[in-house]
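To keep things clear, I will list the structure first and then write my remarks on it.
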Amino acid sequence: QVQLVESGGGLVQAGGSLRLSCAASGRTFSMYVMGWFRQAPGKEREFVAAISRSGKTTSYADPVKGRFTISRDNAKSAVYLQMNEMKPEDTADYYCAADRGTVVHSTTVRYDYWGQGTQVTVSS
């Protein structure tokens, strides 16, 4: 089992940047595919980005391609989401998630563990 704790959320102006971090407990972090998801008020949780266990493969949702970058540091048991050129529509609670599988994917229900989320607000 792994426990996930997100940090780094906050208020930023449109066009600005934020870097989210997700710290994982346990010694098997490198065995998990990691993902970032977000949920805006009144909307369903949606996929943002995912990264393979080695960090060599990544996947992004179309709305964030070219603006967001997911990365991981297995030695530190952490995954990151660098968000640049932020837009008001990026406003949401952001969650990191861990999947015991081996394939990078965007399917919410297949992720086994979730953090509590961190709030991101982008002002126009």
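Under the 4.5 Å side-chain criterion, counting only non-hydrogen atoms from C-beta, Trp114 is not in contact with Cys96. A 4.5 Å side-chain heavy-atom check between Val79 and Ile70 finds at least one atom pair inside the cut-off. Counting heavy atoms from C-beta outward, Arg53 and Val33 have side chains that approach closer than 4.5 Å. With contacts defined as side-chain heavy-atom distances shorter than 4.5 Å, the pair Tyr113/Gln1 qualifies. For the pair Thr58/Ser52, no side-chain contact is recorded, criterion being any heavy-atom separation below 4.5 Å from C-beta on. Inter-residue side-chain proximity for Val120 and Leu18 is flagged as met; some heavy-atom pair is nearer than 4.5 Å. Put simply, the side chain of Met34 reaches to within 4.5 Å of the side chain of Leu4, judged on heavy atoms.
Within the cation-pi definition used here (under 6.0 Å to the ring centroid, within 45° of the axis), Arg72 qualifies as a partner of Phe29.
A pairwise comparison of heavy atoms in Val2 and Ala24 identifies CG2-CB, 3.7 Å as the closest pair. Of all heavy-atom pairs between Leu20 and Gly9, the closest is CD2-N, 3.6 Å.
Just one of Tyr111, Tyr94, Tyr95 meets the ring pair (Phe, Tyr, Trp, His ring centres under 6.0 Å) condition when paired with Phe37; it is Tyr111.
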Table please: side-chain donor-acceptor pairs of residues 80-90 below 3.5 Å, with sequence neighbours left out.
{"from": "Gln82", "atom 1": "NE2", "to": "Asn84", "atom 2": "OD1", "distance (Å)": "2.9"}
{"from": "Asn84", "atom 1": "OD1", "to": "Ser17", "atom 2": "OG", "distance (Å)": "2.9"}
{"from": "Asp90", "atom 1": "OD1", "to": "Arg38", "atom 2": "NH1", "distance (Å)": "2.9"}
{"from": "Asp90", "atom 1": "OD1", "to": "Arg67", "atom 2": "NH2", "distance (Å)": "3.0"}
{"from": "Asp90", "atom 1": "OD2", "to": "Arg67", "atom 2": "NH1", "distance (Å)": "2.8"}
{"from": "Asp90", "atom 1": "OD2", "to": "Arg67", "atom 2": "NH2", "distance (Å)": "3.4"}
{"from": "Asp90", "atom 1": "OD2", "to": "Lys87", "atom 2": "N", "distance (Å)": "2.8"}

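Around the CD atom of Glu46, the shell of radius 6.0 Å holds more than 12 heavy atoms that belong to other residues, nucleotides or ligands.
Remark: side-chain polar atoms of Glu6 are paired, donor with acceptor, to backbone N or O of Gly117 under 3.5 angstrom. Formation of a donor-acceptor pair under 3.5 Å by the Asn74 side chain with backbone atoms of Ser77 is not found in this model.
Residue Ser123 holds its OG atom at 5.0 Å from CD of Gln13, rounded to the nearest 0.5 Å. Atom OG of Ser106 sits about 14.0 Å away from atom OH of Tyr60, to the nearest 0.5 Å. Phe47 CZ to Thr107 OG1: the interatomic distance, rounded to the nearest 0.5 Å, is 9.0 Å. Interatomic distance, CD1 of Ile51 versus OG1 of Thr57, reported as 8.5 Å (0.5 Å rounding). Rounded to the nearest 0.5 Å, atoms CD (Gln116) and CD (Gln3) are 10.0 Å apart. Expressed to the nearest 0.5 Å, how far OG1 of Thr108 lies from CG of Asp99 amounts to 11.0 Å.
Evaluation of the side-chain contact (heavy atoms from CB on, under 4.5 Å) rule for Lys43 yields Ala40 as partners, not counting sequence neighbours.
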- Carefully, step by step, assess Arg100 and Met31 under the rule side-chain contact (heavy atoms from CB on, under 4.5 Å). CA-CA 7 Å; Arg100 291 172 293 184; Met31 299 300 293; over 6 Å; no

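The hydrophobic clustering, which links ILVMFWY residues whose side-chain heavy atoms are closer than 4.5 Å, places Val122 and Val48 together.
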